[in-house]
Number of protein chains: 4
Amino acid sequence: MNQRKDSGVAAAPVRARHAGGTGSASERRDHLVKLAAELFARKGFQATTVRQIADEAGILSGSLYHHFDSKESIVDEVLRTFLEDLIAHYRATLADAGDAGAVLMEMVRIGFHTLEPHRAAITVMQNDWNYLRSLPGDRFDYLVRAEDEVERMWVEQIKRGQASGQFRADVDPKLTYRMIRDGIWVAVRWFRPGGRLDTDALAEHYIKVLFDGLSTGDRTSQRA
Amino acid sequence: MNQRKDSGVAAAPVRARHAGGTGSASERRDHLVKLAAELFARKGFQATTVRQIADEAGILSGSLYHHFDSKESIVDEVLRTFLEDLIAHYRATLADAGDAGAVLMEMVRIGFHTLEPHRAAITVMQNDWNYLRSLPGDRFDYLVRAEDEVERMWVEQIKRGQASGQFRADVDPKLTYRMIRDGIWVAVRWFRPGGRLDTDALAEHYIKVLFDGLSTGDRTSQRA
Amino acid sequence: MNQRKDSGVAAAPVRARHAGGTGSASERRDHLVKLAAELFARKGFQATTVRQIADEAGILSGSLYHHFDSKESIVDEVLRTFLEDLIAHYRATLADAGDAGAVLMEMVRIGFHTLEPHRAAITVMQNDWNYLRSLPGDRFDYLVRAEDEVERMWVEQIKRGQASGQFRADVDPKLTYRMIRDGIWVAVRWFRPGGRLDTDALAEHYIKVLFDGLSTGDRTSQRA
Amino acid sequence: MNQRKDSGVAAAPVRARHAGGTGSASERRDHLVKLAAELFARKGFQATTVRQIADEAGILSGSLYHHFDSKESIVDEVLRTFLEDLIAHYRATLADAGDAGAVLMEMVRIGFHTLEPHRAAITVMQNDWNYLRSLPGDRFDYLVRAEDEVERMWVEQIKRGQASGQFRADVDPKLTYRMIRDGIWVAVRWFRPGGRLDTDALAEHYIKVLFDGLSTGDRTSQRA
DNA sequence: AATGAATGAGTCTTCATTCAT
DNA sequence: TATGAATGAAGACTCATTCAT
C-alpha cells in the first residue's frame, strides 16, 4: 500500500497524482515527504536519520515504513516531484514558441521561480547527486535522464538564437547552458525567502547580466 | 602528537610548510590527504569511510590514526590548504592593482585555474559545506571567515568598477559576486582535465559572457 | 474471543469440529490455516511473516488477528490437526489387531498416506520442531506428548513381532522405530504429488526394503 | 582480511586450509564458527542472533564483523566445511574400490561417523536448507551441487550392486539412496554423544536392517 | 609506523501486534 | 470483519575510534 513508482520523469501536470480517495492518506504522505525534504536539504541525505524524520513527524521511526519502503524512496519522491514539475513547465514554455531570446529568458525565470517551492529538492540534488548516483541499482538513473532532457531543451534554444543572429556565435552552447543552469541552481545555497530580493528580482538581475554583460562599453573583454 | 591546527586561514604561500624535518613523514601525510580528498570528492565526506582511505593507501584503517587524529582533521587539511592557496593568489593580484576590469578578469582566471589542482577540495566544499558547518564545535568556522574575506575582495572590485564607470551601475555588487563565484566553482561538477576545453578556455569563455553578455544587439534584456 | 485451545492431542476424527455455527466463519478460518501452512512449509515458520499470510489471503495483516490471536496459534492449529488425524488412524489400526507384521506394515502405509494431505504440517514439524519447542511457555508441549504416544505404539508392535519370532531379535526396538519413522517423514522433503511415484508405491517400496533388506543373498551384512 | 570463499565444495583433505601464519588468528575464527554452529543447530539459523553468538564468545556483536562479513558467511563456513569433509571421505572410499556391498556399507559408516563431529552442521543443513536456498543470490548454490554429487556416488554403487546380482533388482536406486541418506542424517535429531549407543553401534544396526531386513523368514513383505 | 582485534554508539529496517474507525 | 496507521522491540550491520602488541 505504500509504493509509487513511475517509469520515468513524465510531463503530466504534476499535482494530479493521488487521484481519488479521501485525499487524507496522500496528504499525510506528502506531509512526511515535505518534512524529510527539509531535513535532507539542511543536513544532507546521509546525515539525516530516519529517526529525525520520524521525530519531526511525531511518530516512531519504524512507522515511517508504513508509508515508504526505504529512506531512499523518500528522496526519490522529493526529487521526482521536483523534476516532473520543472520539466512540465519547460515543455509548456517551449510549446508556446516565441523567439529564442524570449524563450530563454522565460526558462531562466522558470528556474528562479522553482527556487522557492522546490528549495529543498534543489539543494538535495546538488549536494547529494554524486552519492545518490553512486548507489547500486538503477533507482536514480532518471536523474541523469532528466538532466539530459533539460540540457537538450536549453542547448536547442541557444543554438536557435545563434542561428537567427540573436545570440553571439562565438560562445559554446553547451558550455553556456551549464553556466546558466549552475548559476541559477546554486543560488539555492544562499537564497532565503523573505530576504532583500525575491526570486523575480533575482531572475531579472540574472537576465540583465547574462544577456548584456557587466560592462558599460562594448566588448570590454577583448582588451584582456 | 602529530596534528596541526591553525586558527585561521593564513596567507603564506602554502607549499612552504612541512619544510625541515624528515620530509618523508610529511610527504606520506600529504599523500594520504590527497588520497582522502579524491575519495571525499567522489563519494562525499560522510560516505567515505576511513577504511576506504586506508585501503587506498594500502594500510589498515587504525593506522591512519598515527597521522591524523580524526576523519574530520583530514578534510580540515584538505579545505584549509585550498583556501590558503586561493586567498594567497587573490591577495597577490590585488596588490598589483590595475583597473577594476582587469583585476576582476584576473580573479576569474584565478578561480578557473584552481579548478584543476584543487578539484577535490572545491567539490568537497560545495557538497559537504552544509554538513561540515553543522558539526558541533567551531572547527570549521574558518570556512565562513574565508568565504567572507573572499567576498569582500570581489565586492570591492565590482564597486570600484561601478564607481569608475567601467561596470554598469544597475547591478547589485554582492549578488553579482555570488553569480560569478557560483558560475566558476560549479564548473567543478562537470569539468574533467583533458576534456574538450582546458581551464584557460573556460575562463576566457566565461569572461566573454560575463562582461559583454550573450546578446549581439544592445540591451536585449530590456525587451522582456 | 475466537481461539481454540485444547489441552492435548485428542483422538476424535478431526474434521468433525467446526460443525454447527455459521459454517462460513470456520471455513474462512480453515482456509487461512491452510494458506499459512503452505507458507510455513515453504519458507519456515519464522521466515514467514504474517503479512505474507495476509497477502495470500487478500487481506491486511492486522485483519488476521480477528481470526487468530497470534502467529503461533496458527502453526499450533496446523500441527494439532495433523497429529490428531495421525493418531486417530494409528489407534484405529491397532484396534483391528492382526499379527505384528501386518500391523507394522499398515502403520507404515498410514505414515506414507499422510504425506500428501499433511505435507505442509509434516514439513513444519521437521524444520521448526527445535524452534517451536524452544519457545517460552508450555504451548507446544503437546508435540512431545504426541511423539511419545506414537513411539509407544510402534515400539510395542516391534516388540510383539520379536516375541512372536516374526521379527529378528537382534535389533533394538526403539532404534528401529526411529529409523522407520524418520525414513517415512523425511520423504516429505522430496516427495511431490504427481511425480514418478505415488505414496502407495513409496510405501510398498519402503516395506520391501524394511522387511527383507537390500541384499539378495542371506545375512549379507555379517560379512563386514 | 576476513573473507574466505572457495569456488566450490572441493575434495582436498579438509583440515589443510589455514596454512601458514601463527594459526592463532584462524583458531579464533574457527572457534567462533564452532560456537555459532552450536547455536544455529540448537535454535535454528534465523532464530540465532548475532548478539547471541557474540555473547557466547564474550565480545560485542559488532566485533564479529571483524571476522566475518555477515551472519550468512558464518553458516556458509559451517556447511562448507562439513560438505568438504564428507565428500573427501566418500571419494577416498570409492577410490579403494571393493565390491558394491562393501563400498555401500562403508559409505553408511562414513555417514554415521560424521554425526558426532559435524552434528551441528548436519542439523543446520536439515532444518535450514529451505531457508538458505531461498536466499537471494547464488551464495548457497553449492549446497545443491554437493547434494547432487553425493547422490551420484550412492546411486552408482547401488546400481553396480544390482548389476552384479548382489542387491535385489526390484528396488529403485534413487529412491533407495534417499531413504538411506535420510535415515542416517535424521538420526542427528535424537542422537546424543555419550548415550546408550555410539555411532559405530548405530551404523552396524542400520546396516543390519538395511541389508537383511527386519524379518526372520524370507520375503515377508510379499504377504501383504 | 603499523597491525588487528575490539568497542560502542548508531543506522536502516523488519515485524508481530494493537486499536480507533 | 476489515482497514490503515501506528507501536515497540528487536535485528543485522556499519564505522570512527582505541589500544596492546
Which is true for A:Leu60 with a 4.0 Å heavy-atom rule: it touches a base, it touches only sugar-phosphate, or it touches nothing?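 A:Leu60: base contact, heavy atoms under 4.0 Å.
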
Pick base, sugar-phosphate or nothing for C:Ser63, based on heavy-atom distances below 4.0 Å to the nucleic acid.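 Counting heavy atoms under 4.0 Å across all strands, the contact made by C:Ser63 includes a base.
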
How close or far is atom [atom2] of [N] from atom [atom1] of [X], stated in whole angstroms?
| X | N | atom1 | atom2 | value |
| --- | --- | --- | --- | --- |
| C:Asp69 | F:dT1 | CG | P | 16 Å |
| A:Phe68 | E:dC12 | CZ | P | 15 Å |
| C:Ile53 | E:dT17 | CD1 | C1' | 13 Å |
| B:Asp55 | F:dA16 | CG | P | 12 Å |
| B:Lys71 | F:dC15 | NZ | P | 9 Å |
| D:Gln52 | F:dA12 | CD | C1' | 13 Å |
| C:Glu27 | F:dT1 | CD | P | 12 Å |
| B:His31 | E:dA1 | NE2 | C1' | 15 Å |

Is any side-chain N or O of [X] closer than 4.0 Å to OP1 or OP2 of [N]?
| X | N | result |
| --- | --- | --- |
| A:Tyr65 | E:dT13 | yes |
| B:Arg51 | E:dG4 | no |
| D:His67 | E:dG4 | no |
| A:Arg28 | F:dA6 | yes |
| D:His66 | E:dA5 | yes |

Hey, does [Y] have a side-chain heavy atom less than 4.5 Å from the side chain of [X]?
| X | Y | answer |
| --- | --- | --- |
| B:Arg133 | B:Asp141 | yes |
| A:Arg42 | B:Ser134 | no |
| D:Gln126 | C:Asn127 | no |

Would you indicate which nucleotide in F:dG11, E:dA16, F:dT7 comes nearest to any side-chain atom of C:Thr49?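 Within the option list, the nearest is E:dA16.
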
C:Gln46 side chain to D:Ala47 backbone, donor-acceptor under 3.5 Å: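 Answer holds: yes.
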
Do the side chain of D:Ser63 and the main chain of D:Ile59 share a donor and acceptor less than 3.5 angstrom apart?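 Flag not set: sc D:Ser63 to bb D:Ile59 has no pair under 3.5 Å.
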
Would C:Lys43 count as a cation-pi partner of D:Tyr131, with NZ or CZ less than 6.0 Å from the six-membered ring centre and within 45° of the ring normal?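 Because its charged atom misses either the 6.0 Å distance or the 45° angle limit, C:Lys43 does not stack over D:Tyr131.
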
If you assign A:Ser61 and D:Gln46 each to the DNA chain F nucleotide with the nearest heavy atom, which residue ends up on the more 5' nucleotide?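 Of the two residues, A:Ser61 wins.
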
Starting at the 5' end of DNA chain F and moving along, which residue's nearest nucleotide shows up first, B:Gly62 or B:Ala47?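 Result of the comparison: B:Ala47.
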
For C:Thr48 and B:Leu64, find the nucleotide of DNA chain E closest to each by heavy atoms; which residue's nucleotide sits nearer the 5' end?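 Looking at the nearest nucleotide for each, B:Leu64 comes out on the 5' side.
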
Give none if E:dT14 has no partner; otherwise give the nucleotide forming a Watson-Crick or G-U wobble pair with it, both distances under 3.5 Å.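 E:dT14 is paired with F:dA9.
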
Please give the nucleotide sitting opposite F:dT18 as a Watson-Crick or G-U wobble pair, both distances under 3.5 Å, or none.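 When the pairing criteria are applied, E:dA5 turns out to be the nucleotide that pairs with F:dT18.
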
